[in-house]
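Reviewing the structure listed below.
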Amino acid sequence: MLDLDGPTPLFQQIAAILRGRIADGTYAPGKRMPSARAIADEFGVTRGTAVAALDVLKAEGLIYGVRGRGTFPRDPD
């Protein structure tokens with residue numbers, strides 16, 4: 001799934017996978033996404049790498065965080 005030897009940083013590869021899951025409805029708007037720790041465990045990376053991937057999606061406006069509640073995909077409307 002991840003290209004460990006390729007030129008694209010891992011956090012960008014993970015962000016692309018998560019972006020695809022948002023687009024295909026795996027992570028529906030208003031439903032909590034997996035935590036950074038769960039993402040890190042799924043992909044076998046550090047929590048910091050998972051947080052960096054989530055930060056990319058936040059910067060793109062695809063997701064938002066609610067303190068104490070989690071991270072959620074935005075409604076595309």
Side-chain angles (χ1 to χ4, degrees):
M1 199 187 294
L2 295 180
D3 182 3
L4 301 177
D5 297 320
T8 305
L10 292 177
F11 77 93
Q12 290 180 349
Q13 293 180 52
I14 294 168
I17 292 167
L18 298 177
R19 192 179 299 111
R21 291 178 183 177
I22 291 168
D24 73 13
T26 300
Y27 301 144
K31 300 292 182 182
R32 187 176 8 199
M33 291 179 59
S35 67
R37 173 64 58 209
I39 292 168
D41 290 345
E42 175 183 353
F43 292 102
V45 297
T46 66
R47 184 178 172 281
T49 299
V51 168
L54 292 171
D55 285 346
V56 168
L57 299 180
K58 284 180 187 173
E60 293 174 356
L62 293 175
I63 63 174
Y64 64 97
V66 177
R67 185 175 293 265
R69 300 279 306 148
T71 303
F72 301 85
R74 289 195 185 278
D75 195 340
D77 294 338

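As the structure is a computational prediction, the values presented were derived from the model and not from experiment.
Side-chain contact check for L4 versus L10: some heavy-atom pair is nearer than 4.5 Å. For the pair I39/R47, no side-chain contact is recorded, criterion being any heavy-atom separation below 4.5 Å from C-beta on. Counting only heavy atoms from C-beta outward, the side chains of V45 and L2 approach each other to under 4.5 Å. Annotation: side chain of I63 is in contact with side chain of M33 (closest heavy-atom distance under 4.5 Å). Here the side chains of Y64 and P73 are not in contact, with every heavy-atom distance at 4.5 Å or above. Taking 4.5 Å as the limit, every side-chain heavy atom of T8 sits out of range of all side-chain heavy atoms of D3. Taking the side chain as every heavy atom from C-beta outward, I22 and L57 approach each other to under 4.5 Å.
Pairs engaging residues 49-73 under the salt bridge (Lys or Arg N to Asp or Glu O under 4.0 Å) rule: R19-E60 [sequence neighbours left out]. Sorted by first then second residue, the salt bridge (Lys or Arg N to Asp or Glu O under 4.0 Å) pairs that include residues 26-42, not counting sequence neighbours, are R21-E42.
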V51 vs F11, side-chain contact (heavy atoms from CB on, under 4.5 Å): CA-CA, chis, key distance, verdict = CA-CA 8 Å; V51 168; F11 77 93; over 6 Å; no

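Considering all non-hydrogen atoms of both residues, A38 and P34 come closest at CB-CB, 4.0 Å. Scanning both residues, A50 and A36, for their nearest heavy atoms gives CB-O, 3.3 Å.
The same ILVMFWY cluster, assembled from side-chain heavy atoms under 4.5 Å apart, contains both F43 and L62.
Rounded to the nearest 0.5 Å, atoms CE (M1) and CD1 (I14) are 10.0 Å apart.
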